[in-house]
Protein chains: 2
Amino acid sequence: MAGPTLRDVARRANVSIRTVSNVVNGYAPVSDELRSRVQAVLDELEYRPNLIARNLRQGRTGMIALVVPELDVPYFAELAREVITAARAHGYVVMIDQTDGDAEHERALLGRDSRATMFDGLLLSPLTISAKELRERGNRVPIVLLGEHIYNGSFHHVAMDNVAAAHDATAHLLGLGRTRVAAIGDQPYATGETAQLRTIGYRQAHARRGLPVAEELVVPTARFHRRLGAEAMDRLLALPEPPDAVFCYNDLLALGAIRALTRAGVRVPEDVAVVGVDDIEEGLYSTPSLTTVAPDKSVIARTAVDTLLSAINGTASSGAAEIVVPHRLIVRESTAG
Amino acid sequence: MAGPTLRDVARRANVSIRTVSNVVNGYAPVSDELRSRVQAVLDELEYRPNLIARNLRQGRTGMIALVVPELDVPYFAELAREVITAARAHGYVVMIDQTDGDAEHERALLGRDSRATMFDGLLLSPLTISAKELRERGNRVPIVLLGEHIYNGSFHHVAMDNVAAAHDATAHLLGLGRTRVAAIGDQPYATGETAQLRTIGYRQAHARRGLPVAEELVVPTARFHRRLGAEAMDRLLALPEPPDAVFCYNDLLALGAIRALTRAGVRVPEDVAVVGVDDIEEGLYSTPSLTTVAPDKSVIARTAVDTLLSAINGTASSGAAEIVVPHRLIVRESTAG
DNA sequence: CATGATGTCTACATCGTTGCAGAGCCCTAC
DNA sequence: GTAGGGCTCTGCAACGATGTAGACATCATG
């Protein structure tokens with residue numbers, strides 16, 4: 001099973017281990033004659049460097065870990081793609097773990113037996129774990145947080161402005177002349193910080209127009225899945241006075257809501273306009289196509305990776321970076337009459 | 001940056017390195033008194049074992065790599081999720097890499113400088129690389145191939161029966177009384193083996209009913225994406241005699257096709273029925289919801305991981321395993337009148 | 001009291017690689 | 001002639017952990 005080592009090659013070529021290493025890495029000067037002799041043996045034995053040993057010696061692995069709640073949520077899949085691409089540009093590979101939003105699993109990541117020490121750095125998109133816990137359990141591995149929660153300066157953090165994003169989406173709906181704009185996705189409890197920020201933006205947009213928020217139109221959901229979006233929409237449709245527009249806290253909720261509306265014979269956008277957040281590709285091909293607030297995933301990924309690598313290399317400026325990436329509203333059929 | 005090592009703990013507790021190691025691992029007997037003294041120092045210094053060193057010593061990393069063409073293709077994202085879950089059950093973590101279907105990238109994976117040696121095994125879902133190349137470049141790491149290509153016994157291989165799956169989908173459409181059933185997704189060139197198998201099944205279903213295949217209804221696509229499905233559908237609709245049903249080689253193509261049909265004012269399924277393959281969650285919430293051939297992704301993932309771990313542990317039965325996982329047709333709105 | 005079994009703990013070698021210091025050798029220059 | 005400087009090449013130590021063997025007490029046994 002185990003392949004040949006530098007020693008095996010060295011013995012066979014009658015040179016020192018160090019010289020073989022030099023040939024492999026092209027480091028120190030090796031005469032052409034010797035180089036080709038060693039190379040021949042390397043080829044013959046099909047030598048492959050043992051990266052674990054190399055890593056131990058060099059104190060780094062060239063791997064970063066990306067931790068997301070659910071990989072089959074398109075937003076995270078698309079983000080993962082960008083992260084992998086961004087990391088590759090710097091010679092890094094990415095290990096992906098998913099927590100299923102399970103707090104225990106997120107904690108285990110940082111605990112004593114975690115594999116975190118195997119990575120040069122961590123990109124974390126935590127759903128449930130709080131900033132306080134992170135601080136207490138934080139290990140020596142550099143961490144960059146992605147897109148969720150409020151961490152007021154304890155960690156590097158990359159995210160879009162959730163309040164502004166929600167405001168823009170809601171303002172768009174109000175600007176269409178809709179008067180009963182619902183919100184699907186609030187999470188008014190400890191770990192739902194992203195959702196809470198979006199609710200703030202939703203209210204802000206109403207306040208700026210001097211409009212009241214009808215509280216029965218704000219529907220919480222435990223998660224951001226299609227099914228929960230459909231269920232929430234069903235409940236809204238059952239109201240005595242149903243909404244004429246819905247701001248969903250992500251695209252999956254929105255697609256579920258559209259599905260519920262279509263099934264109920266309600267026209268989108270004529271009767272109810274729908275906006276989501278995330279700009280997943282699916283929204284481009286749905287019927288109707290989905291208006292959404294698009295964070296720049298590519299910028300998020302590149303920024304996060306760059307920030308993490310700076311931290312790893314110690315070239316980071318002091319203090320925790322708080323980076324806000326731009327977002328923009330993309331209007332499609334679900335709101336365009 | 002670097003944390004305390006066993007040596008640091010040992011010095012501080014006035015014991016040997018080995019004893020600290022024993023306390024950490026609970027191996028050899030250590031007296032209660034000494035154990036708690038060492039444990040106190042471990043806690044005080046917040047010792048975390050260096051997994052790289054441990055891995056070097058033990059010759060394994062507890063990591064496997066999953067290589068897929070595109071992570072943001074829902075099928076692969078959902079599969080990745082299952083693989084991560086299956087691996088975790090065995091104490092393994094999963095590194096995910098994506099090749100973008102790029103042959104060079106796939107080759108680099110197996111080449112001299114690949115990081116493959118850092119993993120105990122590889123799960124490979126190759127798009128372009130051929131079996132021959134794999135054999136020639138194969139390194140010492142155990143490999144299990146997923147779902148694509150024909151490898152006639154050179155490697156462990158897990159996949160559904162593509163011919164039967166395509167047959168079932170096509171037969172379903174023909175069974176609805178449709179007479180012009182199109183096929184979207186053929187890839188009649190070297191590396192499109194999965195597509196070719198599906199074309200065989202498509203033809204087989206026609207042959208069994210004694211029906212001819214109208215060749216203009218078989219539309220190739222370079223990849224299996226929504227956009228290409230929509231474009232292919234547009235071309236089919238432009239035919240003098242358009243189809244009344246479409247078998248798409250995966251769900252994304254099907255969703256793109258449905259989008260094109262809806263945009264053209266063609267009713268699904270009344271005018272054109274649509275079937276896909278993969279059973280991605282998106283198809284459950286599309287309008288109309290999507291009839292599809294569902295491979296059991298969970299079984300695929302578990303089987304692949306089990307097979308790989310057997311190979312890693314040397315407990316594999318001799319020879320390359322060729323495992324066929326079951327599939328079933330799930331009828332939804334896109335074909336159910 | 002000698003013997004051996006048992007229970008704790010330690011020293012050393014080792015995994016495969018790279019950093020470092022220096023050993024030879026040849027050549028030039030004074 | 002020999003000192004000095006480049007080239008090549010080598011040996012040793014180290015990264016941080018674990019496997020193995022054995023040292024050293026303690027204790028029961030004959």
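Not measured: the values here are computed from a predicted model. In what follows, every chain begins at residue 1, and chains take the letters A, B, ... in the order their sequences are listed.
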Is the number of heavy atoms from other residues, nucleotides or ligands within 6.0 Å of CZ (R35(A)) greater than 12?
yes
Report, as yes or no, whether the 6.0 Å neighbourhood of atom CZ on R88(A) holds more than 12 heavy atoms from other residues, nucleotides or ligands.
yes
Within this structure, what is the CG-to-C1' distance between D8(A) and dC15(C), rounded to whole angstrom?
13 Å
Over how many whole Å does the gap from R60(A) atom CZ to dT17(C) atom C1' extend?
14 Å
Output yes when at least one side-chain N/O atom of S31(A) is less than 4.0 Å from OP1 or OP2 of dC9(D), else no.
yes
Within the pair S16(A) and dC9(D), is there a side-chain N or O less than 4.0 Å away from OP1 or OP2?
no
Got a donor-acceptor contact below 3.5 angstrom from the R37(B) side chain to the A13(B) backbone?
yes
Can you find a heavy atom in the side chain of H156(B) that is under 4.5 Å from one in the side chain of E322(B)?
no
To the nearest 0.5 Å, tell me how far Y47(A) OH sits from T5(A) OG1.
7.5 Å
Nearest 0.5 Å, what's the CD1-CZ distance between I52(B) and R54(B)?
12.0 Å
What string of B, S and - do you get for nucleotides 15-28 of chain D 5' to 3' if you count protein non-hydrogen atoms under 4.0 Å?
BBBBBB--------
